[in-house]
**Q** 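Provided herewith is a single structure, encoded as structure tokens, for subsequent inquiry.
In what follows, chains carry the letters A, B, and so on, assigned in the order in which the sequence lines appear, proteins first and then strands, with residues in each chain numbered from 1.
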Number of protein chains: 2
Amino acid sequence: MGEFAIETRGLSGGGRVSATKLLVLGIVHLSGGAHGYQVRSELQSWGAEIWAKIKPGSIYHALKKAAADGLLTEHAEPGNSGPERVLYRATARGRDEIVELVRDGLRRTHDPTMLDAAIAMLPMLTRTDAIAQVNERVARLEAELVEQAKGWENPNPDIPEHVRDQAELWAGHARTELEWAKSLSKRLSEGAYTMADDPGSWRTAPGHLKMPV
Amino acid sequence: MGEFAIETRGLSGGGRVSATKLLVLGIVHLSGGAHGYQVRSELQSWGAEIWAKIKPGSIYHALKKAAADGLLTEHAEPGNSGPERVLYRATARGRDEIVELVRDGLRRTHDPTMLDAAIAMLPMLTRTDAIAQVNERVARLEAELVEQAKGWENPNPDIPEHVRDQAELWAGHARTELEWAKSLSKRLSEGAYTMADDPGSWRTAPGHLKMPV
DNA sequence: GCCCGTCTAATCAACCTTGACTAGACGTTT
DNA sequence: AAACGTCTAGTCAAGGTTGATTAGACGGGC
């Protein structure tokens with residue numbers, strides 16, 4: 001009998017997507033290995049503590065969890081100068097996981113934090129893959145706008161008037177995102193950014209972000 | 001070498017704001033007393049489980065927490081037909097808390113879920129108060145757009161190109177929200193919705209949403 | 001030399017969220 | 001009449017998030 005009868009979902013680690021996880025894994029990988037404080041500093045310099053609302057405690061937790069899940073390895077370092085610290089490095093499974101998380105974040109609507117995180121890690125994907133995921137997002141947004149317009153015709157009378165009016169705001173956000181996603185797709189097609197399959201990417205030059213230790 | 005200096009900033013305000021708390025308190029109050037399943041059903045009919053991503057477990061937790069904090073009272077009811085249930089009723093402090101949460105949610109930017117929840121509970125405020133809060137939001141959004149435009153002139157070179165491009169998306173969202181907030185302010189000024197100081201509001205006719213028990 | 005603030009680095013308990021599970025009542029299909 | 005699904009109503013343990021706190025090193029003023 002198969003001991004693991006339960007079907008594992010697309011993303012390992014139980015399934016629940018998390019922008020924290022993606023950003024932390026991504027920074028560790030792009031830095032070619034990092035300890036907690038380094039991840040924290042880098043995220044802050046990107047402004048991620050503002051737009052992704054990540055707090056230091058969550059970063060350390062995410063690192064430990066990812067290490068327990070086999071996505072990172074832990075290397076304890078004695079504190080020659082300053083406190084002790086732990087160096088984390090991405091495993092092969094960890095790199096695969098990042099790619100899956102970015103693909104998911106680009107497609108998934110109604111999750112702005114995850115989208116922001118995915119954009120931050122965009123160069124983890126090949127150019128054609130990134131374009132495909134962004135186009136999928138465009139398609140989903142268009143479908144949702146059509147759906148929402150249909151609901152506008154015969155509204156649910158159980159919902160109070162002011163709650164129904166929220167729909168206007170959501171539709172506005174969806175249209176904004178739609179245009180932005182289209183322009184991102186176009187920029188990618190025109191060769192913007194250094195993607196995973198371009199010369200000078202993390203694949204050919206890992207550790208290009210490596211920070212002073 | 002303060003190259004990666006981190007500012008530890010303590011956000012003012014005692015308890016962390018929560019859309020769940022606002023919606024649960026609000027539904028209990030508007031229903032003139034309700035048990036958990038009733039709150040859950042009402043939120044679902046408003047589509048709140050989709051746009052606020054609230055799950056049943058969180059509702060029961062929020063009810064218990066609010067009762068422990070003195071914002072709701074608990075009345076155990078024997079299960080004459082069906083399982084036992086607990087009836088919750090808003091206290092005076094609970095009502096004050098809802099009003100404060102709505103005011104906060106209307107002003108606070110960068111928290112779409114809280115805004116949605118605040119809009120759902122908009123009639124808890126008086127008309128002039130609601131207009132003031134929405135106008136404050138307009139002012140904040142305008143200030144943030146100016147700030148963001150300034151940052152666009154001389155960008156931080158530490159941030160990768162694609163991360164800087166996120167700013168375009170967030171600016172788009174801010175402009176969408178700005179126009180929407182202005183139109184909401186205008187609608188309120190023109191007398192739309194039944195607000196707390198209007199005849200027929202929860203103040204003069206509590207329990208107008210009361211559901212069959 | 002000593003004190004003070006800041007930087008580096010991380011831990012911890014309290015709190016919130018969530019998927020999974022329990023259990024009775026009621027209708028209806030076999 | 002037994003089996004089955006569904007609705008009502010809620011509990012619980014596992015896991016993620018956060019503010020508070022700890023602790024050594026380092027530079028600058030007194």
**Q** What is the distance, to the nearest angstrom, from the CD atom on Glu42(A) to the C1' atom on dT8(C)?
**A**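 The answer, rounded to whole Å, is 16 Å.
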**Q** Provide, to the nearest angstrom, the distance between the NZ atom belonging to Lys53(B) and the P atom belonging to dT17(D).
**A**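 Distance check: Lys53(B) NZ to dT17(D) P gives 14 Å.
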**Q** If you look only at pairs with a residue in residues 137-148 of chain B, which of them pass as a side chain to side chain donor-acceptor pair (under 3.5 Å), with sequence neighbours excluded?
**A**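 Those involving residues 137-148 of chain B are Thr109(B)-Glu144(B), His110(B)-Glu144(B), Glu136(B)-Arg140(B), Arg137(B)-Glu177(B).
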**Q** Going by the ring pair (Phe, Tyr, Trp, His ring centres under 6.0 Å) test, which pairs reach into residues 129-150 of chain B, not counting sequence neighbours?
**A**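 Ring pair (Phe, Tyr, Trp, His ring centres under 6.0 Å) check on residues 129-150 of chain B returns no pairs.
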**Q** Please give, in whole Å, the distance from dG16(D) P to Met114(A) CE?
**A**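 Between P of dG16(D) and CE of Met114(A): 14 Å.
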**Q** Does a side-chain N or O of Thr20(B) approach OP1 or OP2 of dT17(C) to a distance below 4.0 Å, or not?
**A**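 Checking Thr20(B) against dT17(C): at least one side-chain N or O falls below 4.0 Å of OP1 or OP2.
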**Q** Please check the phosphate of dT8(C) (OP1 and OP2 only) for any side-chain N or O of Tyr37(A) closer than 4.0 Å.
**A**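 Affirmative; the distance criterion is met.
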**Q** Could you tell me which residues satisfy side-chain contact (heavy atoms from CB on, under 4.5 Å) with Asp96(B), sequence neighbours excluded, listed by chain and number?
**A**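 Partners of Asp96(B) under the side-chain contact (heavy atoms from CB on, under 4.5 Å) test: none.
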**Q** Nearest whole Å is fine: how far is dA9(C) C1' from Leu63(A) CG?
**A**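 Spelled out: CG on Leu63(A) to C1' on dA9(C) is 12 Å.
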**Q** Could you please name the option among dT17(C), dG10(D), dA10(C) that lies closest to any side-chain atom of His35(A)?
**A**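 Among dT17(C), dG10(D), dA10(C), the one nearest the side chain of His35(A) is dA10(C).
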**Q** Specify whether His162(B) and Tyr193(A) have parallel, tilted or perpendicular ring planes, treating 30° as the upper limit for parallel and 60° as the lower limit for perpendicular.
**A**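 Taking Tyr193(A) first and then His162(B), their aromatic rings stand perpendicular (interplane angle over 60°).
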**Q** Thr176(B): what forms a side-chain hydrogen bond (donor to acceptor under 3.5 Å, both in side chains) with it, not counting sequence neighbours?
**A**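 Scan of Thr176(B) (side-chain hydrogen bond (donor to acceptor under 3.5 Å, both in side chains), adjacent residues dropped) gives Thr176(A).
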**Q** Once you round it to whole Å, what is the distance between P of dT18(D) and CZ of Arg40(A)?
**A**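 Between P of dT18(D) and CZ of Arg40(A): 13 Å.
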**Q** Within the sub-3.5 Å range, which N or O atoms of nucleotides 11-15 of chain C have a protein N or O partner, and how far apart are they?
**A**
unit_1  : atom_1 : unit_2   : atom_2 : d
dT11(C) : OP2    : Lys64(A) : NZ     : 3.2

**Q** For the pair made of NZ in Lys21(A) and P in dT17(D), what is the distance, rounded to whole Å?
**A**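 Interatomic distance, NZ of Lys21(A) to P of dT17(D): 11 Å.
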**Q** For Ile59(A) and dT8(C), what is the distance between atoms CD1 and P respectively, to the nearest whole Å?
**A**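 My rounded result for the distance is 14 Å.
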**Q** Is the shortest side-chain N/O distance from Ser58(A) to OP1 or OP2 of dT18(D) below 4.0 Å?
**A**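 Answer yes for this pair, as a side-chain N or O of Ser58(A) is under 4.0 Å from OP1 or OP2.
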**Q** What residues form a side-chain contact (heavy atoms from CB on, under 4.5 Å) with Asp129(A), not counting sequence neighbours?
**A**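 Here the qualifying residues are Arg103(A), Leu125(A), Thr126(A), Gln133(A).
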**Q** How far does CE of Met124(A) sit from CG of Leu30(A), to the nearest 0.5 angstrom?
**A**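 Interatomic distance, Met124(A) CE to Leu30(A) CG, rounded to 0.5 Å: 6.5 Å.
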**Q** Figure out the CG/P separation between Leu43(B) and dT18(C), and round it to whole Å.
**A**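 It is 13 Å, rounded to the nearest whole Å.
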**Q** Of the options dA10(C), dT17(C), dC7(D), whose atoms approach the side-chain atoms of Ser18(B) most closely?
**A**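 Out of dA10(C), dT17(C), dC7(D), the nucleotide with an atom closest to Ser18(B)'s side chain is dT17(C).
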